Amino acid sequence: MSESAADVVICGGGVLGAGLAYELAERGARPLLIESRAIASGASGKAAGLLSPASDARAVGPLGSLWRASLARHHELAEELVGLGAPGYGFEESPSLLIAADVAEARTLRQAAPAQWLEPDEVRARCAWIDGPIEGGLLREASAAIDPAAFTQALIHASKARGARVEHGRVTGLSLNGRSIAGVQVDGRIVPANSVVLAMGPWTSAAGEWIGCRVPVTPLKGQILRLRLPPAQAETRFSDMDGNYMARKSDGLVYVGTTEERVGFDEAPTDAARRQILRQAGRFVSAVSQAEVVKQTACLRPLSPDGLPILGAAPGLSGAFIATGHGRAGLLLAPGSAAALAAHITGESPAVDLTPFDPARFG
Ligand SMILES: Cc1cc2nc3c(=O)[nH]c(=O)nc-3n(C[C@H](O)[C@H](O)[C@H](O)COP(=O)(O)OP(=O)(O)OC[C@H]3O[C@@H](n4cnc5c(N)ncnc54)[C@H](O)[C@@H]3O)c2cc1C
């Protein structure tokens, strides 16, 4: 590993770390990203990769502007990354459905967005998979999808084209000069650095000891089945109001999920989750019971106590920053988060107000 001081060392090669490497390199900083396993080996490689518009509650809450900025940045990146020679990552703009399973859900959705409401027959005309009882659904035009692993790799490719470096290694602590960052401990060595960003997904909690403040991010396990299903006449991807979904992805397989399991750092797929996912999806789509399960994946979402990202300067330490806590929407929120934090680190004014995401809010 090179001993020359990087401007910024990024710890973690998930979508947040990769996005930061790209946005920092774009701004002329010399980032060095360090990943202990493999790029996109966590949730950033195994997520569903659905980019849905913010629900009404989210659109007006503190996440709203970050959500909109991120979706807009996704559209820009779709051209920018390919222009830098990165391989495609299945970016696809197409509507999605949010379905109501019962009368109460239908009332909620109709009130929230009357213009987007579809009756059950209209929903089925757009998604022929659905043959179970539903009360209707919302058509969300501004939706998109990506292949998460390929997207993260594309960001890495483009950031290297802009001068970023990527190294394999396990970060175990920081090196401080008083209350300022001097370097990062990697596999028993010190890698000199002027700044550090802790973007290790749910594992970022361990860094609390290094920086002397709580990073209350916890793992929320989720599992997905990839099914082989014959093509249907119409296949608009859909989710239900419990956050379960079904979508054909760019590899031709239909992704069905998911679970929310509080089981620590266990990343192993389980039979119980497989049964649960098939049961959930089977309420709406009878064909899943006959489908071949080609692959089952499990990974960990980085969850913060208030459901908001933890994004900004670590309190009381000059040169240390945190980027985690994006929960169920990290693929969607990564481009806006990375652009805003990179701007903050390099002394620009971020396009999104980072105040609601300040790591200091946890004391
Ligand atoms: C089942 C499931 C489905 C999902 N679907 C969607 C979706 O459709 N849309 C969406 O927007 N989001 C989705 N998400 C959420 C999204 O995947 C996450 O929010 C996002 O990937 C988190 O990215 P990250 O970079 O913060 O963390 P991670 O992807 O976990 O990356 C952290 C990286 O840090 C590395 N690391 C850890 N410790 C160290 C260390 N000490 N030294 C060096 N490296 C280290 C890890 O190996 C890992 O590669 C889903 C999540 C799950 C579980």
Side-chain angles (χ1 to χ4, degrees), residues 1-36 39 156 159-160 162-217 302 304 309-326 334 337-350 354-355 357-363:
M1 192 171 288
S2 162
E3 293 300 332
S4 68
D7 287 339
V8 187
V9 167
I10 300 162
C11 309
V15 70
L16 265 301
L20 277 158
Y22 179 66
E23 296 290 351
L24 284 165
E26 275 282 290
R27 286 164 177 78
R30 295 171 307 131
L32 165 62
L33 182 147
I34 298 172
E35 163 60 46
S36 60
I39 297 297
I156 292 289
S159 60
K160 284 181 177 169
R162 286 281 188 255
R165 290 179 296 143
V166 175
E167 304 274 358
H168 184 264
R170 181 173 176 72
V171 181
T172 53
L174 302 177
S175 165
L176 300 181
N177 182 2
R179 295 302 292 162
S180 299
I181 293 294
V184 176
Q185 296 172 19
V186 184
D187 295 329
R189 308 175 55 209
I190 304 291
V191 175
N194 301 322
S195 304
V196 60
V197 187
L198 303 162
M200 302 178 298
W203 297 275
T204 313
S205 54
E209 267 181 34
W210 312 343
I211 58 178
C213 92
R214 225 157 56 88
V215 187
V217 65
S304 71
I310 305 173
L311 196 61
L317 203 55
S318 171
F321 302 88
I322 302 174
T324 188
H326 292 72
S337 302
L341 187 57
H344 179 63
I345 292 171
T346 54
E348 291 174 18
S349 155
L354 290 175
T355 317
F357 316 123
D358 188 348
R361 71 188 185 277
F362 301 110

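What you see below is based on every heavy atom in this structure, not just the backbone, and it leaves out hydrogens, waters and symmetry mates. Note that the coordinates shown come from a computational prediction; the quantities given were computed from them, not determined experimentally.
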Could you tell me whether the side chain of [X] and the main chain of [Y] form a donor-acceptor pair under 3.5 Å?
X      : Y      : result
Arg179 : Gly316 : yes
Gln185 : Leu174 : yes
His344 : Ser349 : no
Asp187 : Gly169 : no
Ser304 : Ile310 : no

Side-chain contact, heavy-atom cut-off 4.5 Å: [X] with [Y]?
X      : Y      : answer
Val166 : Ile156 : yes
Leu176 : Leu317 : yes
Ile345 : Val197 : yes
Ile211 : Leu198 : yes

*Test side-chain contact (heavy atoms from CB on, under 4.5 Å) on Leu32 and Val191 and set out the steps.*
CA-CA 10 Å; Leu32 165 62; Val191 175; 3.7 Å; yes

Any idea which heavy atoms bring [X] and [Y] closest together, and the distance?
X      : Y      : value
Ala313 : Asp358 : O-OD1, 4.2 Å
Ala338 : Gly19  : CB-C, 3.4 Å
Leu33  : Gly12  : CD1-O, 3.7 Å
Val217 : Pro202 : CG1-O, 3.7 Å
Leu24  : Pro31  : CB-CG, 4.0 Å
Pro302 : Thr324 : CB-OG1, 3.5 Å

_Residue pair Ser337 / His326, side-chain donor-acceptor N/O under 3.5 Å_ =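 Yes, His326 and Ser337 have a side-chain donor paired with an acceptor closer than 3.5 Å.
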
*Pair Ile322-Val215, side-chain contact (heavy atoms from CB on, under 4.5 Å): steps then yes or no*: CA-CA 9 Å; Ile322 302 174; Val215 187; 4.0 Å; yes

*Are Thr172 and Val186 close enough, and set up right, to give a side-chain contact (heavy atoms from CB on, under 4.5 Å), and what steps lead you there?*
CA-CA 6 Å; Thr172 53; Val186 184; over 6 Å; no

Quick one: [atom1] on [X] to [atom2] on [Y], what's the gap to the nearest 0.5 Å?
X      : Y      : atom1 : atom2 : result
Thr355 : Arg361 : OG1   : CZ    : 11.0 Å
Ile34  : Arg165 : CD1   : CZ    : 8.5 Å
Leu354 : Leu341 : CG    : CG    : 6.5 Å
Met200 : Ser205 : CE    : OG    : 8.0 Å

_Residues forming a ring pair (Phe, Tyr, Trp, His ring centres under 6.0 Å) with Trp210, sequence neighbours excluded_ =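 Once residues adjacent in sequence are excluded, Trp210 has no partner under the ring pair (Phe, Tyr, Trp, His ring centres under 6.0 Å) criterion.
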
_side-chain contact (heavy atoms from CB on, under 4.5 Å) between Val9 and Ser195, intermediate numbers included_ = CA-CA 6 Å; Val9 167; Ser195 304; over 6 Å; no

*Going by an N to O cut-off under 4.0 Å, is there a salt bridge joining Arg30 and Asp7?*
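Here Arg30 pairs with Asp7 in a salt bridge, since their nearest N and O are under 4.0 Å apart.
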
_Any residue meeting salt bridge (Lys or Arg N to Asp or Glu O under 4.0 Å) with Arg27, in chain and number order, not counting sequence neighbours_ =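 In terms of salt bridge (Lys or Arg N to Asp or Glu O under 4.0 Å), with neighbours along the sequence ignored, Arg27 is linked to Glu23, Glu348.
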
